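This is a predicted model, so every value here is computed, not measured. Sequence lines set the chain letters: A, B, ... in the order given, protein chains first and strands last, and positions in each chain run from 1.
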Number of protein chains: 2
Amino acid sequence: MNGAPVLDLATLRSGCSHCSLQQLCLPAGISPDELQRLDEIVRRRRPIERGERLYRAGDPLAAVFVARDGAFKTVSISEEGEEQVIGFHLPGELIGLDALGAGSHRCEAIALTEANVCEVPFEQLAVVAAQLPSLQQQLLRVIGQSVGRDQDHLGILVRRQAGERIALFLHGLSERYRNIGQPATQFKLPMSREDIARYLGLALETVSRGFTRLQEDGVIDVVGRRIDILKPAELNRLAHSAEHDEPKRRGRA
Amino acid sequence: MNGAPVLDLATLRSGCSHCSLQQLCLPAGISPDELQRLDEIVRRRRPIERGERLYRAGDPLAAVFVARDGAFKTVSISEEGEEQVIGFHLPGELIGLDALGAGSHRCEAIALTEANVCEVPFEQLAVVAAQLPSLQQQLLRVIGQSVGRDQDHLGILVRRQAGERIALFLHGLSERYRNIGQPATQFKLPMSREDIARYLGLALETVSRGFTRLQEDGVIDVVGRRIDILKPAELNRLAHSAEHDEPKRRGRA
DNA sequence: CGGCCTGTTGATTAGAATCAACCAAAGTGG
DNA sequence: CCACTTTGGTTGATTCTAATCAACAGGCCG
């Protein structure tokens with residue numbers, strides 16, 4: 001658990017063109033010389049600690065962020081002070097779009113782990129995007145992907161069975177890890193059971209039980225936040241075609 | 001079947017500059033001469049009938065749409081053929097952003113009523129937006145508002161009590177009608193109970209019961225799809241601070 | 001060591017899904 | 001024009017899932 005990783009200065013210094021996330025992030029599909037324009041406005045921020053906020057609800061839209069590593073959650077606080085989790089953000093995924101509509105943030109973005117982020121001042125991004133059609137295109141695509149993730153989230157929440165939601169959650173997370181080139185069947189959850197519960201609209205006990213149930217069924221192996229997906233196909237099945245299949249029969253024959 | 005309403009040619013012909021939704025739609029904040037550039041690429045389509053689709057899942061992103069009147073729903077079809085309602089779209093709200101991420105539509109957009117829509121070819125919109133900073137800005141804002149509505153939807157779905165979800169739904173719809181300058185306390189729901197149920201992640205019977213309950217409590221008056229919000233403040237309270245207040249005591253005192 | 005946070009597990013209960021009638025309005029066709 | 005069907009909505013009875021309340025276990029920290 002030497003959690004605070006050795007600070008890779010080279011990584012911090014080097015720009016988008018050397019970033020491993022290049023093909024997933026704003027620079028995707030942008031020519032090298034154009035990339036430099038983008039690179040000039042991107043600020044590589046110092047490491048963020050766990051629990052630190054990138055912005056708070058109500059803050060004016062100043063910049064959007066992308067994690068190079070680590071993970072974030074965005075939460076909105078209801079009038080009663082309840083925290084509801086709007087989304088989780090893995091490396092390469094844009095953070096801060098919740099302010100696009102009104103010009104100020106609806107959510108807070110909180111680091112779930114130590115992380116390094118790139119900060120892109122929004123005004124400048126807009127200006128450069130207007131000048132570089134391929135950047136504009138990629139910006140819209142990245143925004144669209146974010147919309148897509150929100151819709152996936154909606155798709156999880158309308159499922160009424162807790163087990164389905166949990167399977168869908170794990171499946172989706174696994175896919176996202178695969179996308180960024182990390183192991184898709186073995187990973188450490190960056191978020192707590194409570195975060196997951198507030199993301200899925202369930203009680204945290206229900207999430208816990210859901211995990212144990214999946215473990216009992218041999219689909220996954222869980223130890224605290226360590227997840228090992230033993231039967232990806234089965235998880236996929238549970239996530240999609242529901243549990244209608246084996247309704248009563250627990251012990252398999 | 002004079003279903004096709006009297007065709008208002010003047011309305012169809014007149015461009016954005018004469019549109020009553022101008023300040024809510026893409027043209028907002030755009031100077032008259034710039035507006036003409038936008039106007040040139042907007043196609044005013046013939047009236048759409050109820051049940052007609054603007055696009056289907058899988059269709060490549062060709063255009064985005066805005067209703068001038070009427071209402072739409074966007075739905076995604078699960079592998080089991082279940083229809084899940086992603087969103088409802090009132091006049092002035094952009095339809096079709098679900099394709100921004102992958103370049104093809106994830107959803108289908110279906111007319112809930114007869115409607116007139118403007119169609120904006122996406123490629124051309126991107127080109128013009130790159131040339132007109134104020135249009136680019138407004139495009140991003142409108143996209144952001146759409147993201148905001150999705151997040152409101154999420155906020156509804158994580159609420160676990162059916163009554164809260166229903167109150168929140170009515171409250172949000174009311175706000176949106178107010179925004180477009182239509183009566184906010186009296187309106188006709190363009191969607192069926194089943195659509196609402198699939199939007200809220202509830203069974204349709206539960207939605208029906210929820211409406212009846214609100215009526216019994218004197219908060220609203222419902223007759224089929226006609227809604228009259230009698231106590232907006234009370235609805236607002238139910239939507240936000242939940243029903244934790246009067247748990248058992250039905251008859252007050 | 002003792003406290004604290006995170007997660008698991010158990011018992012009970014509230015609330016919504018489901019199954020099933022039923023009703024009114026709107027078509028449809030003889 | 002009236003019987004018949006279809007569609008959308010309401011209401012009732014029953015069942016079952018997940019929330020809630022509660023106790024407890026392991027890891028980590030001061």
Side-chain angles (χ1 to χ4, degrees), chain A residues 1-4 50-51 73 82-84 112-113 156-167 169 188-216 220-227 238 242-244 246-248 250, chain B residues 1-3 50-51 73 82-83 85 112-113 156-167 169 188-216 220-227 238 242-244 246-250:
Chain A
M1 249 124 283
N2 44 2
R50 182 180 157 149
K73 65 175 174 182
E82 295 248 315
E83 184 174 286
Q84 97 120 307
L112 292 167
T113 63
I156 292 177
L157 284 170
V158 284
R159 303 261 137 225
R160 306 202 217 90
Q161 303 279 343
E164 279 181 79
R165 295 194 200 177
I166 292 166
F169 168 72
K188 182 162 176 293
L189 295 171
M191 69 295 279
S192 70
R193 297 290 189 271
E194 181 161 24
D195 286 333
I196 299 173
R198 294 190 191 285
Y199 179 77
L200 296 180
L202 296 172
L204 73 88
E205 295 97 324
T206 307
V207 174
S208 185
R209 279 185 248 267
F211 280 179
T212 355
R213 176 72 204 281
L214 285 172
Q215 172 151 267
E216 282 168 5
I220 65 174
D221 193 51
V222 205
V223 186
R225 295 191 177 186
R226 278 238 63 89
I227 298 283
L238 288 175
E243 299 136 90
H244 302 162
E246 35 175 347
K248 286 281 111 90
R250 295 282 296 279
Chain B
M1 57 210 53
N2 46 1
R50 184 180 158 152
K73 63 175 174 181
E82 294 249 316
E83 182 175 287
V85 176
L112 293 167
T113 62
I156 291 176
L157 284 170
V158 282
R159 302 263 138 224
R160 306 202 216 89
Q161 303 278 343
E164 280 180 78
R165 294 194 201 178
I166 293 166
F169 168 72
K188 183 160 175 293
L189 296 170
M191 70 295 277
S192 69
R193 297 291 189 271
E194 181 161 22
D195 287 333
I196 298 174
R198 294 191 192 285
Y199 179 78
L200 295 181
L202 298 171
L204 74 88
E205 294 96 324
T206 306
V207 174
S208 185
R209 279 185 247 267
F211 280 179
T212 324
R213 178 72 204 280
L214 285 172
Q215 172 150 266
E216 282 168 5
I220 64 174
D221 192 51
V222 206
V223 186
R225 297 190 177 187
R226 279 237 64 89
I227 298 283
L238 288 175
E243 294 132 276
H244 303 161
E246 35 173 346
K248 287 278 114 89
R249 335 214 79 277
R250 294 285 292 281

Spacing of R159(B) atom CZ and L200(B) atom CG [to the nearest 0.5 Å]: 13.5 Å
Euclidean distance, atom CZ of residue R213(B) to atom C1' of dT11(D) [Å, nearest integer]: 15 Å
Separation of atom CG in L189(B) from atom C1' in dG8(D), rounded to whole Å: 13 Å
Positions of residues 191-200 of chain A (non-hydrogen atom under 4.0 Å from DNA chain C), listed by number: S192(A), R193(A)
Point-to-point distance, once rounded to the nearest 0.5 Å, from CD1 of I166(A) to OG1 of T206(A): 7.0 Å
Nearest-Å distance for atom pair CD/P, residues Q215(A) and dG7(C): 15 Å
Side-chain N or O of S208(A) closer than 4.0 Å to phosphate OP1/OP2 of dT9(C): no
Between dT8(C) (C1') and R226(A) (CZ): distance, integer Å: 19 Å
Heavy-atom side-chain proximity of L189(B) to R193(B) below 4.5 angstrom: yes
Distance (rounded to the nearest 0.5 Å) between Y199(B) OH and K73(B) NZ: 13.5 Å
Check: residues 220-227 of chain B side-chain donor-acceptor pairs under 3.5 Å, at least two apart:
from: R225(B); atom 1: NH1; to: P190(B); atom 2: O; distance (Å): 3.4
from: R226(B); atom 1: NH2; to: F187(B); atom 2: O; distance (Å): 3.4

Whole-Å gap separating C1' (dT11(D)) and CD (E216(B)): 11 Å
Interatomic distance, R165(A) atom CZ to I156(A) atom CD1 [nearest 0.5 angstrom]: 9.5 Å
Side chain to side chain, V207(A) and E194(A), heavy atoms closer than 4.5 Å: no
Atom-pair distance (CD1 on I166(A); C1' on dT17(D)), nearest Å: 12 Å
Report all interatomic pairs (protein N or O, nucleotide N or O of nucleotides 16-26 of chain C) with separations under 3.5 Å.
from: dA16(C); atom 1: OP1; to: Q161(B); atom 2: OE1; distance (Å): 3.3
from: dA16(C); atom 1: OP1; to: A162(B); atom 2: N; distance (Å): 2.6
from: dA17(C); atom 1: OP1; to: A203(B); atom 2: N; distance (Å): 3.3
from: dA17(C); atom 1: OP2; to: A203(B); atom 2: N; distance (Å): 3.3
from: dA17(C); atom 1: OP2; to: T206(B); atom 2: OG1; distance (Å): 2.1
from: dT18(C); atom 1: O4; to: R209(B); atom 2: NH2; distance (Å): 3.0
from: dC19(C); atom 1: N4; to: E205(B); atom 2: OE2; distance (Å): 3.0

Test item: T212(B) side-chain N/O and S208(B) main-chain N/O as donor-acceptor pair under 3.5 Å: yes
Audit row: E205(B), R209(B), salt bridge (Lys or Arg N to Asp or Glu O under 4.0 Å) steps and yes/no: CA-CA 6 Å; E205(B) 294 96 324; R209(B) 279 185 247 267; 5.7 Å; no
Interatomic distance where CD1 belongs to I227(B) and C1' belongs to dG8(D) [whole Å]: 14 Å
Whole-Å distance separating the CG atom of L112(A) from the P atom of dC5(C): 18 Å
